[in-house]
Structure formats: C-alpha cells, structure tokens
Amino acid sequence: MSLNLRTHYTSQIDPEAMNGAEVTLAGWVYEVRDLGGICFVVLRDREGRAQVTLVKKRTDPELLENARKLVRESVITVTATVKAEAKAPGGYELIPKEIRLLNEAESPLPMDTTGKVEAELDTRLDSRFMDLRRDRTTAIFKIRHETLQAVRKYLSDNGFIDVTSPKVVATATEGGTSLFPITYFDREAFLNQSPQLFKQILMSGGLDRVFEIGPIFRAEEHDTRKHLNEATSIDIEASFCDHFDVMSILENMIAYVYAHVKEHAARSLEALGIDLQVPAVPFPKITYDEALEIVNAHGEETLKWGDDLSTLSEHTIGAHVFKEMGVSHYFIIDWPTDIKPFYAMPYEDRSEFSKSFDMMHRTMELSSGAQRIHIHDMLKKRIESQGLDPEGFDFYLKAFRYGMPPHAGWGVGCERLVMTMLGVENIRDVVLFPRDRRRLSP
RNA sequence: GUCCGAAUAGUGUAGUGGCCUAUCAUGAAGCCCUGUCGAGGCUUCGACCCGGGUUCGAAUCCCGGUUCGGGCGCCA
C-alpha cells in the first residue's frame, strides 16, 4: 500500500482541460471562510493554493460541518471534482467529495502565514517550519535551488567535475580565520574553513577542473547581516589556467545563473516582486590601486597602500562603479601579495602584487580567487613568511612535489550570491537554519 | 569585541510619570451572512523581558542582567 495521497499539485490543475475530473490534493488549510450559505476552504501546497467550495444546500451536512471546524494550518487531503469557475481564484474551484484531516494544527499559530501580519526574522527563524509556509519564504528557497542547479549545470557543461572534500580536518588553517575545534575519537580536529587546500591537491591528481558546493565553517564572532558561521561555498579550481581565465568562468557563470533563475523561477521572482536584470559580461575590472584612489578621492576615509578594504570603502567603491559604469558586479584585481592568502601567485615582475581578485557586488564581496602558486619551494616560503608552520601543511605541500600544474580558482559565497540577486538584506533570510554567533537552534 | 537602539497578548504594534481597568490590527472562541478572494458585522478572550531602585504613584525615569535589531570591527 502506498501513501501516495496526492494526484496533483494545485498548480497542475488546468481548469478547462480538467473540468469535471476527480483529483486529490494534499496540503495545509490556509484559510476557512464561512459565509453561512457557502463556505470556502483554501488548501495550500508547495506550488500554490486551491479553493474548495461547499455550498450549504448542495453539500453533505457532515462534510460541511467538518470543513467549518478545520483549524488553520492543519494537514488535509481533499478529493474533489474540478469545476472551471471564473469567480474562483485561479479560475477553478473544487467541489469536495471527501476532506480528510490527517493532522490537526494547534492554535494559536506561532506566526501568521498569510502575510497579513509580518513577523520579525528572529520569530520566523524560531518557527522556521511555519515561516516556510509563507509565499515569500518558499520563493526564496526555490530560487536558491534554481541558483545551485544553474551553477551545477554551468560548471558541468564547462568540464568541471563535482567533488566533495572532507569537512573534518586535522589542522592547517589557511590563516586568518579561526576554526571550530571538535573531538575526533581521542584527537583534536577542526571543521574546515574552506575546500581550498583539497581542491588544489586535486589539480595534482589530474582532475583538471573541479567544483564543490558545500558547507564551510568559520569560528569568527562576527555580528553582521552578511556573515554566517556555517555557510555554503561554491568553489572551483582549474588547471592550466591563470586568474583571468577563471574570472571569465566566474562572470559567465553569474550571468548564466541570473538568466536561469529568471527563466526557471519566474513565479518565485514575481512573488518577491523582483524584476531580475541579468548582468552583462564581461564585468569591469579595476585594480586595487584604482580602488584605493576611488576611496581616497571620496574623502570619507583614507587608506594607504597595503590596507585591506573596509566595509565603508567597499560601499564607496561599489557606489562609484555603479554610478560611473551602471553595473552592480565588478572585479578588483592585482591585490598586494601580503594581504592575500599565502597561495596567491605573485606577479613575476612585481612580486608585491598578486594575481588575485575579488568579485564584488556593489554592496559586498561575493567571491575571491587567484592564480595559485604551483611551485613547491615558493609556496613553502610563502607559508613561512605569513607566520604559519609548514609542518602542518605537509599533506598539502606533498602534492606540489610530484608534478603540480599551474592552476587558478575561486570561491563564491552561495548565500551572498542569492541575497544580492534578490536584494535580501539579511543573509539569514536565505539559509534554512542559519548558524550565527548566537543561534545554534533550530 | 564595541557603539547605537529596542523589548507590551500567539504575531505585529500604540504608549514620554496619574487620563492604563493598556491602543489598534491580526488571531482564537461564539453568533449572523450564498461568491468570498487581506470578506463583512456583532460579542468575548489574550500582553507591559528579569531583578533592583527613585516616587504618594512606573509600561513610562534610573541601575544591573538577559534577549533581539542596526552600525563598525573581526573575517581566503
């Protein structure tokens, strides 16, 4: 016996073609409107809503009585006849034969699902299961799905192999961020901050082009709208490429993702009231030095060569680029070697600059990448000069001693990609169960 | 970590020392209503974050705590 209770989603009912057909829908009670002589029950499923109409004179009294008593957000199935009806939302209504109550919801609900009363993000996250029943929230996660589908499609079509690297690691942080320590049997281990080291090792393995979409962990006590302690990273690494090659892959992928979402998530975009504009490629490239000039010319703060860009300066540059060139996405290239990770390749003729880049949205950084150092001794030296212990990197450095091709890559924050695409202001909005400095549950 | 702000029914809010027996919406319970689509009408229910203090009197002012929001910092 099967528990396949549903014959159709609400969106699969064609009023004309299916007029008179019997269907069974499964979902939640969105609303009951009892007008006395006529009663409407609105069923909601993932794809939309359907109106069940019960006319007093023509409905079995017990069926009507049970329908009137339905508690909002309870789970029901409705077996009914489809009736094309211009007066009904969606152009059809359902004349029920049977309404089965599968699971009654408690009352009152922890939050409103109809959009009449907005709930704060914190309230919504505490009751995420209920929040997901709202159109807007469902739309965000459908778009996130289409985003990742597009990323996989684009990268696969361009010769990238989907890989999975370990999230539990012994040591060897890339520096900078701190890691979450965990217990691995009787040893100390950590949750990995990024697949960086492993995807590089795969270049030595000859996989040539790889990508990974997976979780990354950062034990930083940041407290902003654009940081998470557990995030999703979209990473690539490609052999026989320099930074310009992978920038090209990145910008084309972003444009592809936007176009894909526009086409495949049109209803979700509409639910969010978004008219998505696909960014034009190539994205403009400005150098780090030019970025500094922009910041210093605007006078709100003064940066000197070698400084990293502050939040304020990112906004200054983003606003400037948007005003001058009318684009939201751009690259900042040629960063000082010393403020980029040890594996970024310096230019041969000016080693204080590296073959590195950040890909920016006008509101925040979306990606960073570089051509990597593929020369063992140079890499080891860079590790040492950044104050790290090369011994912890043995497993990584070993891969550079037996034939490592030149390579380049980048990582994009999936959440930031989605939030900038949708104009969502808080990164937690695009994560089902966000992990931030304070939130560990649900 | 730091600066600023907030905390009132299930949810979202009004409120600036007495007019608060606390506003409104939504919701819930009940009743009326045959085309609702944020249905409408009537009745009822439901709240001042915790601890101290000031005051004749505190939702309101002060102190501490907790939690939340925003800015910055930290952050390949």
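Throughout, protein chains are lettered first and strands after them, A, B, ... in sequence-line order, and every chain is numbered starting at 1.
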Counting only side-chain heavy atoms from C-beta out, which of [options] sits nearest to [X]?
{"X": "Leu35(A)", "options": "G1(B), G35(B), A76(B)", "value": "G35(B)"}
{"X": "Thr311(A)", "options": "G10(B), G73(B), G35(B)", "value": "G73(B)"}
{"X": "His222(A)", "options": "U11(B), C74(B), G35(B)", "value": "C74(B)"}
{"X": "Ala88(A)", "options": "G35(B), G1(B), A76(B)", "value": "G35(B)"}
{"X": "Ser233(A)", "options": "A76(B), U11(B), C72(B)", "value": "A76(B)"}
{"X": "Thr224(A)", "options": "G10(B), C74(B), G1(B)", "value": "C74(B)"}
{"X": "Asp122(A)", "options": "U36(B), A76(B), C68(B)", "value": "C68(B)"}
{"X": "Val117(A)", "options": "A76(B), A25(B), C72(B)", "value": "A25(B)"}
{"X": "Glu85(A)", "options": "G35(B), A76(B), C75(B)", "value": "G35(B)"}
{"X": "Asp223(A)", "options": "A76(B), U36(B), G73(B)", "value": "G73(B)"}

Quick one: look up who [N] pairs with, Watson-Crick or G-U, both distances under 3.5 Å, and put none if it's unpaired.
{"N": "U55(B)", "result": "none"}
{"N": "A22(B)", "result": "none"}
{"N": "A7(B)", "result": "U66(B)"}
{"N": "G27(B)", "result": "C45(B)"}

Do any side-chain nitrogens or oxygens of [X] fall under 4.0 Å of OP1 or OP2 in [N]?
{"X": "Thr114(A)", "N": "U26(B)", "result": "no"}
{"X": "Asn229(A)", "N": "C75(B)", "result": "no"}
{"X": "Arg225(A)", "N": "G71(B)", "result": "yes"}
{"X": "Arg372(A)", "N": "A76(B)", "result": "no"}
{"X": "Arg437(A)", "N": "G1(B)", "result": "yes"}
{"X": "Arg438(A)", "N": "U67(B)", "result": "no"}

Can you check the [X] [atom1] to [N] [atom2] distance for me, whole Å?
{"X": "Asp436(A)", "N": "G70(B)", "atom1": "CG", "atom2": "C1'", "result": "14 Å"}
{"X": "Asn192(A)", "N": "A76(B)", "atom1": "CG", "atom2": "P", "result": "13 Å"}
{"X": "Gln386(A)", "N": "A76(B)", "atom1": "CD", "atom2": "P", "result": "10 Å"}
{"X": "Tyr92(A)", "N": "C37(B)", "atom1": "OH", "atom2": "P", "result": "19 Å"}
{"X": "Leu125(A)", "N": "G69(B)", "atom1": "CG", "atom2": "C1'", "result": "13 Å"}
{"X": "Arg416(A)", "N": "C75(B)", "atom1": "CZ", "atom2": "C1'", "result": "9 Å"}
{"X": "Glu31(A)", "N": "U26(B)", "atom1": "CD", "atom2": "P", "result": "12 Å"}
{"X": "Lys116(A)", "N": "C37(B)", "atom1": "NZ", "atom2": "P", "result": "10 Å"}

Taking atom types as they are modelled, is there a donor-acceptor pair under 3.5 Å from the base of [N] to the side chain of [X]?
{"X": "Ser107(A)", "N": "A28(B)", "value": "no"}
{"X": "Lys87(A)", "N": "U36(B)", "value": "no"}
{"X": "Glu120(A)", "N": "G12(B)", "value": "no"}
{"X": "Glu118(A)", "N": "U11(B)", "value": "no"}
{"X": "His227(A)", "N": "C75(B)", "value": "yes"}

How far does the [atom1] atom of [N] sit from the matching atom of [M], given to the nearest Å?
{"N": "G65(B)", "M": "C24(B)", "atom1": "C1'", "value": "32 Å"}
{"N": "U54(B)", "M": "C68(B)", "atom1": "C1'", "value": "28 Å"}
{"N": "C50(B)", "M": "U60(B)", "atom1": "P", "value": "11 Å"}
{"N": "C3(B)", "M": "C63(B)", "atom1": "P", "value": "14 Å"}
{"N": "C62(B)", "M": "G5(B)", "atom1": "P", "value": "11 Å"}
{"N": "C31(B)", "M": "U55(B)", "atom1": "C1'", "value": "48 Å"}
{"N": "U67(B)", "M": "U8(B)", "atom1": "C1'", "value": "15 Å"}
{"N": "A59(B)", "M": "U16(B)", "atom1": "P", "value": "13 Å"}

Going through the checks in order, is the side chain to side chain donor-acceptor pair (under 3.5 Å) test met by Arg144(A) and Thr232(A)?
-> CA-CA 11 Å; Arg144(A) 183 179 161 128; Thr232(A) 309; 3.0 Å; yes
Using a cut-off of 4.0 Å on non-hydrogen atoms, how would the nucleic acid contact of [X] be classed: base, sugar-phosphate, or nothing?
{"X": "Gly411(A)", "value": "base"}
{"X": "Thr123(A)", "value": "sugar-phosphate"}
{"X": "Lys56(A)", "value": "nothing"}
{"X": "Asp308(A)", "value": "nothing"}

For Arg128(A), does the CZ atom have more than 12 heavy-atom neighbours from other residues, nucleotides or ligands under 6.0 Å away?
-> yes
Starting at the 5' end of RNA chain B, which residue's closest nucleotide do you reach first, Arg58(A) or Ser310(A)?
-> Arg58(A)
Name the residue closer to the 5' end of RNA chain B, choosing between Gly36(A) and Pro110(A) according to the nucleotide with the nearest heavy atom.
-> Pro110(A)
Looking at Phe353(A) versus Trp305(A), is the centre-to-centre ring distance below 6.0 Å?
-> yes
Phe433(A) and Phe129(A) aromatic centres sub-6.0 Å = no
Does a side chain donor of either Thr316(A) or Ser313(A) reach within less than 3.5 Å of an acceptor in the other side chain?
-> no
Look at the rings of [X] and [Y] and say which category their plane angle falls in: under 30° parallel, 30 to 60° tilted, over 60° perpendicular.
{"X": "Phe357(A)", "Y": "Phe331(A)", "value": "perpendicular"}
{"X": "Phe400(A)", "Y": "His407(A)", "value": "tilted"}
{"X": "Trp335(A)", "Y": "Tyr288(A)", "value": "tilted"}

Which atom of Pro346(A) lies closest to which atom of Met378(A), heavy atoms considered = CD-SD, 4.3 Å
Using the salt bridge (Lys or Arg N to Asp or Glu O under 4.0 Å) rule, take Glu391(A) and Lys380(A) through it: C-alpha gap first, then chi angles, then the decisive distance, then the call.
-> CA-CA 10 Å; Glu391(A) 249 180 58; Lys380(A) 191 172 174 187; over 6 Å; no
